[in-house]
Amino acid sequence: MTDLSGVELRQLRWFLAVVEERSFTYAAARLGIGQPALTRAVQSLETALGARLLERTTRRVAPTPAGQRLHEELTVTLARLDDALRAPGRDALLRLGFAWLLPDRAASLVEEFKRATGAGVRLVRRDAALAGLDTGGADAAVLRGEVPAGMRGVVLCREERVAAVPRSSPLARRRVLDWTELAALPLVVNTVSGTTAPDLWPEGARPRMACTAGNIDEWVESVAAGHGVGVAPQPAAERLKHPAVRYVRLKNAPAVTVRLVVPARGAHPLADRCAELAGVS
């Protein structure tokens, strides 16, 4: 009697890949594994089933009649298994936190995540430095700047900075400003979710902090009121319009790094999967 207790799911999937590719070399490349490991797995499967599944020559690999029957059965069975395994995830939900505007890369990642997992995504805005990660309000978050302590992050993109100036200011007529020019101007700083503070400039040549804001709405209104100049990532110029504010291109400004951030320990399985997808994209 055939003992099937040693047959592993990976052996079956790898066998399918060899049949579909008609080559151990191509199948190994597709699976991202070494060819010797693939060969051993198929041989072990043949031993466990007590049947020759593949005919190997120097030029090609083809399934035997037994191998062809197994291939046909597995194609249907494993598809059903994959569907069954995805079913619990269809009702699952990833809470994705953010403090303000999401970059385009985050939107495309959400679509990739939905296709890969079948799970839903709820966007959660929190006017907080960690966008709800530290309070349990979010499972993962899109954050700008450095990775906070106790977290790990995957870089999604990097954004250029722009200056936000009151339209009543002579600066509003400029097409471009140099980063160093801002050192002589009063600065409006979003201290909660902002990415620009005086310490980004060299010591001794830093702008004066004119006022602070607790969120992006307060920040733009403070600039509009003429309290000072603001600095923000490029998406603000396109999506955070205000009739009393003009955005001016900055040169020589450090870029802003945008990351998907999850807890370093005990992250939600869906958050881990989202980070994995972000890392390979």
Side-chain angles (χ1 to χ4, degrees), residues 96-110 121-133 137-138 141-146 148 156-201 205-261:
L96 183 62
F98 68 105
W100 65 288
L101 304 178
L102 286 168
D104 292 340
R105 177 67 189 99
S108 63
L109 175 61
V110 166
V121 175
R122 190 177 81 191
L123 298 179
V124 180
R125 177 178 170 177
R126 293 286 185 271
D127 289 323
L130 296 184
L133 269 182
V142 176
L143 302 179
R144 292 173 169 87
E146 298 302 315
L156 297 180
C157 61
R158 289 181 172 82
E159 299 170 330
E160 299 300 319
R161 280 182 164 92
V162 293
V165 301
R167 286 195 178 273
S168 58
S169 168
L171 295 174
R173 296 192 290 271
R174 296 277 297 275
R175 295 184 62 184
V176 62
L177 287 167
D178 191 278
W179 178 253
T180 57
E181 292 183 75
L182 301 186
L185 302 172
L187 192 67
V188 177
V189 177
N190 177 352
T191 56
V192 176
S193 58
T195 57
T196 305
D199 59 8
L200 282 180
W201 283 264
R206 292 174 176 170
R208 173 179 60 86
M209 190 156 59
C211 68
T212 61
N215 57 57
I216 194 67
D217 302 306
E218 290 180 7
W219 174 85
V220 74
E221 291 295 346
S222 297
V223 173
H227 295 321
V229 172
V231 177
Q234 173 64 37
E238 302 162 0
R239 296 157 60 189
L240 196 63
K241 303 290 188 181
H242 192 291
V245 174
R246 181 170 183 268
Y247 294 95
V248 181
R249 185 169 65 87
L250 277 174
K251 65 178 182 179
N252 299 320
V256 178
T257 301
V258 186
R259 294 179 173 88
L260 178 75
V261 176

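These numbers were taken from a predicted model, which means no experiment stands behind them.
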- prompt: So N215 and V192, side chain to side chain contact (heavy atoms under 4.5 Å, CB included) or not? Walk me through it.
  reply: CA-CA 6 Å; N215 57 57; V192 176; over 6 Å; no
query: Checking side chain to side chain contact (heavy atoms under 4.5 Å, CB included) for the pair T195/L200: CA distance, chi angles, key distance, verdict?
result: CA-CA 9 Å; T195 57; L200 282 180; over 6 Å; no
query: side chain to side chain contact (heavy atoms under 4.5 Å, CB included) between L171 and L185: does it pass, once the steps are laid out?
result: CA-CA 11 Å; L171 295 174; L185 302 172; 3.6 Å; yes
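In this structure, the side chains of V245 and L240 stay at 4.5 Å or more apart for every pair of heavy atoms. Side-chain atoms of P186 and V229, non-hydrogen and from C-beta on, never get closer than 4.5 Å to each other.
To the nearest 0.5 angstrom, R144 atom CZ is 9.0 Å from S193 atom OG. E181 contributes atom CD, which lies 8.0 Å from atom NZ of K251 (distance to the nearest 0.5 angstrom). Annotation: the span from R249 atom CZ to D178 atom CG amounts to 10.5 Å, rounded to 0.5 Å. Here the CG atom belonging to L182 is positioned 10.5 Å from the CZ atom belonging to R161, to the nearest 0.5 angstrom. Atom CG of N190 sits about 9.5 Å away from atom CG of D217, to the nearest 0.5 Å. Atom CZ of residue R125 and atom CG of residue L101 lie 8.0 Å apart, to the nearest 0.5 angstrom.
When all heavy atoms of W219 and A164 are compared, the pair lying nearest together is CH2-CB, 3.6 Å. Residue E159 comes nearest to P233 through the heavy atom pair OE1-CB, 3.1 Å, listed as atom of the first residue, atom of the second, then distance. Listed here is the closest heavy atom pair of S222 and V188: CB-CG1, 3.8 Å. Contact record, G145 with V256: N-CG1, 4.4 Å, taken as the closest heavy-atom pair. The minimum heavy-atom distance between L250 and V162, with the atom names listed, is CD1-C, 3.7 Å. Scanning both residues, L187 and P207, for their nearest heavy atoms gives CD2-CG, 3.9 Å.
Note that R239 lies outside the cation-pi zone of W100, set by a 6.0 Å cut-off to the ring centre and a 45° limit from the axis.
In the displayed structure, Q234 atom CD is contacted under 6.0 Å by more than 12 heavy atoms of other residues, nucleotides or ligands. The 12-atom threshold is not exceeded at CZ of R122, counting heavy atoms of other residues, nucleotides or ligands nearer than 6.0 Å.
Each of V121, D104, L156 was checked for a side-chain contact (heavy atoms from CB on, under 4.5 Å) with L109, and the lone residue meeting it is L156.
Remark: side-chain polar atoms of R246 are not paired, donor with acceptor, to backbone N or O of R167 under 3.5 angstrom. Under the 3.5 Å distance criterion, the side-chain polar atoms of E218 are matched with a main-chain donor or acceptor of G214. Counting only distance, with no hydrogens or angles, the side chain of W179 and the backbone of W201 share no donor-acceptor pair below 3.5 Å.
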